[in-house]
Peer 1: 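The following block contains the structure, expressed as structure tokens.
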Amino acid sequence: MSILTVTLNPAIDISYPLEYFHLNTVNRVAQVGKTAGGKGLNVSRVLKELGADVVATGFADDILGAEIVKNLKNEGIDCRFTKISGKTRNCIAILHEGQQTEILEKGPRILREEAKGFIDNFKAILAEVEAIAISGSLPDGLQETFYSALIAIANKQEKAVVLDCSGSTLEAVLKNSHKPSVIKPNLEELTDLLGKEVTLENIKDSLQDKLFDGIEWIVVSLGKEGAFAKVSGEFYRVKIPKIDVVNPVGSGDATVAGLVYGISQNETVGNTLKRANVCGMLNAQEAKTGHINKANYQALFDQLKVEKI
Ligand code: ATP
């Protein structure tokens with residue numbers, strides 16, 4: 001079973017731990033951390049750890065992009081990135097005095113021929129995979145309909161698409177006639193999308209908004225509160241136990257990995273929702289972003305409850 005992940009704007013994530021961050025002078029860093037980053041790459045790693053065969057695609061240059069590809073290949077992930085002339089980005093997190101200052105490069109501008117090359121590449125890979133996870137924002141140079149174009153191609157081949165993006169990119173997809181199978185907003189993203197505060201009290205009504213017509217799975221992740229979902233018109237509440245958290249960054253991406261894995265395996269709705277939440281929780285229990293320790297999987301899974309509302 002193979003799953004395709006799409007990361008259009010990957011990055012080298014750099015972390016600089018500093019005792020003090022001094023402005024307007026030199027800061028020397030002893031222990032630099034560098035990893036392949038971008039939401040779709042977190043999804044790729046967790047999928048691999050779940051036991052799936054993973055094909056990763058996106059745009060990559062021949063310097064940092066090649067480094068990312070090398071990194072992913074070392075983890076057993078098949079890489080089919082489209083080469084670009086722009087520069088793959090670095091994203092820097094300065095960890096200082098208990099705070100985190102981030103410097104996030106916007107990333108390269110994608111040329112029209114490169115976008116076309118990507119679409120041809122995407123069509124060719126689709127025949128080999130059962131499902132697709134698309135994550136993150138669109139790089140400059142691509143039209144807002146780019147994700148909808150990918151979804152249209154996938155729908156034609158009857159391959160499920162799990163889409164995790166936000167803001168105007170998500171809105172553009174929801175307003176298009178080609179719908180993804182799954183979206184995974186959190187409450188903040190829903191609030192943004194609907195222009196009114198979405199809470200657990202009004203979530204059922206909010207998910208009836210016609211903006212969501214035609215989307216089979218809407219999984220709203222709620223951090224330590226678990227999740228709420230609307231699947232084929234039915235509502236579900238996923239309740240999770242309290243856990244010790246080390247680093248919850250990337251838990252949403254791990255959740256996406258669980259969703260696309262469960263759906264590609266035709267698991268029941270209940271088990272797919274549980275799998276997704278367990279993956280999010282396992283990610284939160286690790287220091288590394290986009291990583292789960294599968295040894296703890298079953299013990300957590302057995303403690304989750306999915307209730308029809
Ligand atoms: P991110 O953007 O950081 O990836 P997100 O907002 O997309 O996060 P969350 O709702 O924070 O996603 O987390 C996804 C899932 O991970 C949750 O539904 C839950 O199952 C699990 N999770 C996240 N944070 C915690 C936590 N503090 N305790 C227990 N489980 C958590």
Side-chain angles (χ1 to χ4, degrees), residues 5-11 13 37-44 46 58-59 89 91 93 100 102-107 110 132-151 154 160-176 178-200 202-203 206-231 248-260 276-277 279-280 283-284 289-290:
T5 61
V6 176
T7 315
L8 298 184
N9 203 3
D13 281 342
K39 291 168 71 60
L41 301 192
N42 295 335
V43 177
S44 310
V46 174
F59 295 105
R89 62 192 178 141
C91 287
Q100 181 158 336
E102 296 190 15
I103 298 169
L104 308 180
E105 291 181 24
K106 194 168 176 200
I110 307 301
I132 303 119
I134 301 178
S135 308
S137 55
L138 288 174
D140 266 5
L142 298 182
Q143 292 184 332
E144 254 193 350
T145 50
F146 195 77
Y147 279 157
S148 296
L150 300 185
I151 291 165
V161 174
V162 180
L163 176 76
D164 184 17
C165 64
S166 56
S168 59
T169 307
L170 177 59
E171 194 178 345
V173 170
L174 296 177
K175 287 184 171 162
N176 197 286
H178 302 286
K179 309 287 183 184
S181 306
V182 187
I183 57 170
K184 192 223 66 67
N186 57 29
L187 284 180
E188 200 185 322
E189 287 159 355
L190 274 184
T191 296
D192 215 41
L193 198 63
L194 296 176
K196 62 159 196 184
E197 199 183 356
V198 181
T199 62
L200 267 183
N202 66 12
I203 193 164
S206 302
L207 297 187
Q208 308 273 30
D209 194 288
K210 66 175 180 356
L211 197 55
F212 302 117
D213 284 356
I215 312 280
E216 194 183 351
W217 293 67
I218 307 165
V219 181
V220 183
S221 64
L222 305 168
K224 65 177 171 21
E225 304 296 334
F228 189 93
K230 181 181 176 211
V231 185
V249 176
S251 283
D253 303 330
T255 301
V256 167
L259 286 171
V260 71
N277 276 265
C279 289
N283 177 79
T289 299

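These numbers come from the heavy atoms of this one structure, side chains and all, not from hydrogens, waters or symmetry mates.
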Peer 1: Under 3.5 Å, is there a donor-acceptor pair between the side chain of Asn283 and the main chain of Asn42?
Peer 2: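 Between the backbone of Asn42 and the side chain of Asn283 there is no qualifying donor-acceptor contact (under 3.5 Å).
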Peer 1: Using every non-hydrogen atom in the two residues, find where Gly290 and Val46 come nearest and quote the distance to one decimal.
Peer 2: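 Answer, listing the atom of Gly290 first, then Val46: C-CG2, 3.8 Å.
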Peer 1: Could you walk me through whether Phe59 and Leu142 pass the side-chain contact (heavy atoms from CB on, under 4.5 Å) check?
Peer 2: CA-CA 12 Å; Phe59 295 105; Leu142 298 182; 4.0 Å; yes
Peer 1: Please check if the number of heavy atoms outside Glu188 that lie under 6.0 Å from its CD is greater than 12.
Peer 2: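 No, CD of Glu188 has 12 or fewer neighbouring heavy atoms, counting only those of other groups under 6.0 Å.
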Peer 1: Indicate the atoms forming the closest heavy-atom contact of Ser181 with Ile215, along with that distance.
Peer 2: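 It is O-CG2, 4.0 Å.
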Peer 1: If we ignore hydrogens and angles and just use 3.5 Å, is the side chain of Asp209 paired with the main-chain N or O of Ser206 as donor and acceptor?
Peer 2: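 Flag not set: sc Asp209 to bb Ser206 has no pair under 3.5 Å.
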Peer 1: Between Lys39 and Asp253, which heavy-atom pair has the shortest distance, and what is it?
Peer 2: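 So the two residues come closest at NZ-OD1, 2.8 Å.
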Peer 1: Measuring only between side-chain heavy atoms, which start at C-beta, is Leu207 closer than 4.5 Å to Leu190?
Peer 2: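 Counting from C-beta outward, Leu207 and Leu190 do come under 4.5 Å.
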Peer 1: Rounded to the nearest 0.5 Å, how far does CD of Gln208 lie from CG of Asp213?
Peer 2: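 Output value for this atom pair is 9.5 Å.
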Peer 1: Leu138 and Glu144: which non-hydrogen atoms are nearest, and at how many Å?
Peer 2: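 So the two residues come closest at CD1-CA, 4.0 Å.
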Peer 1: To the nearest 0.5 Å, how far apart are NZ in Lys196 and OG1 in Thr191?
Peer 2: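 OG1 of Thr191 is found 9.0 Å from NZ of Lys196.
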Peer 1: If we only count heavy atoms from C-beta on, is the Ile134 to Ile132 side-chain gap below 4.5 Å?
Peer 2: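 Of all side-chain heavy-atom pairs linking Ile132 with Ile134, at least one is under 4.5 Å.
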Peer 1: Do any N or O atoms from the side chain of Thr169 and from the backbone of Cys165 form a donor-acceptor pair under 3.5 angstrom?
Peer 2: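 Flag not set: sc Thr169 to bb Cys165 has no pair under 3.5 Å.
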Peer 1: Got Val198 and Leu194 here, is their nearest side-chain heavy-atom distance under 4.5 Å?
Peer 2: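 Yes, side chains in contact.
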Peer 1: Might you work through the side-chain contact (heavy atoms from CB on, under 4.5 Å) test for Val220 and Leu222, ending with a clear yes or no?
Peer 2: CA-CA 6 Å; Val220 183; Leu222 305 168; 4.1 Å; yes
Peer 1: Give the C-alpha distance, both sets of side-chain angles, the deciding distance and a yes or no for side-chain contact (heavy atoms from CB on, under 4.5 Å) between Cys279 and Thr255.
Peer 2: CA-CA 6 Å; Cys279 289; Thr255 301; 5.7 Å; no
Peer 1: Quick check: closest heavy atoms across Ser137 and Tyr147, and the distance to 0.1 Å?
Peer 2: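 Minimum heavy-atom contact is O-OH, 3.6 Å.
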Peer 1: Verify side-chain contact (heavy atoms from CB on, under 4.5 Å) between Val182 and Leu163, making sure each step is shown before the conclusion.
Peer 2: CA-CA 6 Å; Val182 187; Leu163 176 76; over 6 Å; no
Peer 1: Can you see which heavy atom on Gly38 is nearest to which on Asp13, and at what distance?
Peer 2: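 Minimum heavy-atom separation between Gly38 and Asp13: N-OD2, 4.1 Å.
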Peer 1: So do Cys91 and Ile103 actually touch side chain to side chain, heavy atoms under 4.5 Å?
Peer 2: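 Of all side-chain heavy-atom pairs linking Cys91 with Ile103, none is under 4.5 Å.
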Peer 1: Is it the case that the side chains of Ser221 and Lys184 hold a donor-acceptor pair, with the cut-off being a distance below 3.5 Å and no angle test?
Peer 2: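 A pair is found: one side chain offers a donor N or O, the other an acceptor, under 3.5 Å apart.
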Peer 1: Quick check: do Leu193 and Phe212 have side-chain heavy atoms less than 4.5 Å from each other?
Peer 2: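 They are in side-chain contact.
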Peer 1: Got a donor-acceptor contact below 3.5 angstrom from the Arg89 side chain to the Ala11 backbone?
Peer 2: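 Side chain of Arg89 to backbone of Ala11, a donor-acceptor pair under 3.5 Å: no, none is there.
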Peer 1: Looking at CD of Glu189 and CD1 of Ile183, how far apart are the two atoms once the value is rounded to the nearest 0.5 Å?
Peer 2: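 Answer for the CD-CD1 pair, Glu189 versus Ile183, is 9.5 Å.
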